[in-house]
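All values reported here derive from a predicted model rather than from experimental measurement. Values below: every heavy atom of this structure, side chains too, minus hydrogens, waters and symmetry copies.
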Amino acid sequence: MDHDVIIIGGSFAGLSAAMQLARARRNVLVLDTGAPRNRYAAASHGFPGQDGKRPAHIRGALRVELDAYPTVTFLDAEAVQASRQGAGFHLSLAAGDALTAKRLILAYGVRDTLPDLPGLSERWGTGVLHCPYCHAYELNRQPVGVLARSEMAMHQAMLLPDWGPTTLFTQGAFAPTPEQRHTLADRGVMIEDTPIASLFGPAPALEAVRLADGREIPIAALFTAPQTTPASDLATSLGCESTDGPSGPYLAVDAMQMTNVPGVFAAGDVATPAANATLAAAAGVMAGVAAHRSLIFDPDLTGAG
């Protein structure tokens with residue numbers, strides 16, 4: 001085999017996994033396409049020790065740290081096909097090259113599908129957001145909105161008043177019950193049933209939304225729940241099972257981040273319904289440790305250990 005472990009994905013989860021394997025002196029290759037999900041965010045918040053730093057800066061610092069370990073290499077390439085090969089795995093790259101590894105860690109993340117509204121996509125990551133814990137503090141208690149796509153909007157609308165005056169735009173996608181309306185009112189949430197027609201302001205910032213009846217409502221940010229799909233089909237070709245989450249499917253893993261396919265581990269947004277930088281890094285640590293343990297206790301990929 002070319003490598004002990006190939007990690008597919010070079011963001012927080014993949015690099016954290018690589019660190020554990022590097023410290024175990026294992027031969028590790030990290031494949032990275034250079035298009036992480038967090039590339040639209042100006043800063044990462046809530047990540048211990050990294051609060052307020054640009055995601056690209058954090059990734060760059062991690063790569064510098066990994067450069068100190070001689071058994072880790074990086075390759076800017078896309079894996080397009082994966083299959084089992086004996087007690088290991090075979091990967092085909094988009095450029096036509098082939099690689100083999102004893103273990104795989106899938107950390108390639110997910111892609112977001114956003115609502116189709118004029119002015120929304122160009123504000124993703126700045127004026128249009130999905131995680132209040134990651135970004136809402138910096139809004140400084142300015143008015144915010146929730147763009148409903150499903151009943152999940154109730155959850156977001158209940159949280160956000162701690163960060164600013166909140167309006168729930170039901171958008172025809174969510175009809176709160178009288179009891180839910182009462183609960184939202186207790187939190188000070190305004191409910192607007194007339195749908196948003198467009199967003200405006202100096203993009204990527206947001207100043208207001210324009211409703212279908214022509215009214216304008218000033219807000220500093222609009223929160224919504226994007227639909228997500230895995231950023232690669234590799235897990236499907238390997239036979240990894242998925243679980244349906246509130247925003248889309250994610251890979252089913254056990255407590256050690258192993259999929260149902262022995263020798264294949266997954267970490268980060270592709271393997272959890274809870275997207276968060278700290279959680280992704282922690283899952284990467286577990287996946288790296290588990291892959292190392294698998295090499296020792298389950299060398300023939302029987303699924304034991």
Side-chain angles (χ1 to χ4, degrees), residues 11-12 34-47 50-60 109-150 152-153 155-174 184 187-228 247 269 275-278:
S11 193
F12 301 150
R37 186 187 188 192
N38 57 25
R39 64 191 181 276
Y40 300 103
S44 176
H45 292 286
F47 195 159
Q50 303 292 340
D51 190 57
K53 295 181 180 177
R54 297 179 63 244
H57 174 88
I58 300 171
R59 292 193 304 273
V110 297
R111 295 191 182 97
D112 295 304
T113 301
L114 301 173
D116 186 14
L117 274 178
L120 190 147
S121 62
E122 57 264 39
R123 292 175 170 84
W124 179 236
T126 302
V128 179
L129 305 163
H130 77 288
C131 174
Y133 297 101
C134 302
H135 305 293
Y137 184 87
E138 283 64 39
L139 298 171
N140 295 318
R141 297 187 179 276
Q142 297 179 86
V144 298
V146 176
L147 179 68
R149 302 191 78 183
S150 69
M152 281 182 61
H155 179 76
Q156 283 186 311
M158 287 293 291
L159 290 175
L160 277 164
D162 282 359
W163 286 280
T166 302
T167 300
L168 169 61
F169 299 93
T170 60
Q171 208 70 6
F174 171 47
L184 289 165
R187 286 284 284 157
V189 177
M190 302 293 293
I191 300 175
E192 179 56 69
D193 293 317
T194 301
I196 295 173
S198 62
L199 288 69
F200 61 94
L206 175 64
E207 288 185 349
V209 294
R210 183 174 290 116
L211 305 185
D213 61 9
R215 287 181 292 138
E216 295 181 1
I217 298 181
I219 57 172
L222 185 63
F223 286 81
T224 192
Q227 295 299 298
T228 59
S247 64
D269 291 358
N276 177 280
T278 308

Take atom CG in Asp213; do more than 12 heavy atoms of anything else shown fall under 6.0 Å from it? yes
Is the closest side-chain heavy-atom distance between [X] and [Y] below 4.5 Å?
X      : Y      : value
Ser44  : Asn38  : no
Leu117 : Val209 : no
Thr166 : Phe223 : no
Val144 : Trp163 : no
Ser11  : Arg37  : no

Donor-acceptor pairs under 3.5 angstrom involving side-chain atoms of residues 187-208: please list them, not counting sequence neighbours.
unit_1	atom_1	unit_2	atom_2	d
Arg187	NE	Met158	O	2.9
Arg187	NH1	Asp162	OD1	3.3
Arg187	NH2	Met158	O	2.8
Arg187	NH2	Leu159	O	3.4
Arg187	NH2	Asp162	OD1	3.2
Glu192	OE1	Arg215	NH1	3.1
Glu192	OE1	Arg215	NH2	3.3
Glu192	OE2	Thr194	N	3.0
Glu192	OE2	Thr194	OG1	3.2
Glu192	OE2	Arg215	NH2	3.0
Asp193	OD1	Thr170	OG1	2.9
Asp193	OD1	Arg181	NH2	3.4
Asp193	OD2	Arg181	NH2	3.2
Thr194	OG1	Arg215	NH2	3.4

Which pair of non-hydrogen atoms, one from [X] and one from [Y], has the smallest distance, and what is that distance?
X      : Y      : value
Thr278 : Gly46  : OG1-O, 3.4 Å
Gly145 : Leu160 : O-CD1, 4.5 Å
Phe174 : Ala153 : CD2-CB, 4.3 Å
Asn276 : Asp269 : N-OD1, 4.1 Å

Main-chain N/O of Thr228 paired to Asp112 side chain as donor or acceptor, under 3.5 Å: no
Could you measure the distance from the [atom1] atom of [X] to the [atom2] atom of [Y]? Nearest 0.5 Å is fine.
X      : Y      : atom1 : atom2 : result
Thr224 : Gln156 : OG1   : CD    : 6.5 Å
Ser247 : Arg149 : OG    : CZ    : 9.5 Å
Leu222 : Phe169 : CG    : CZ    : 7.0 Å
Lys53  : Arg59  : NZ    : CZ    : 14.0 Å

Quiz: residues 127-143 side-chain donor-acceptor pairs under 3.5 angstrom, not counting sequence neighbours:
unit_1	atom_1	unit_2	atom_2	d
Asn140	ND2	Glu138	O	3.4
Gln142	NE2	Leu139	O	2.9

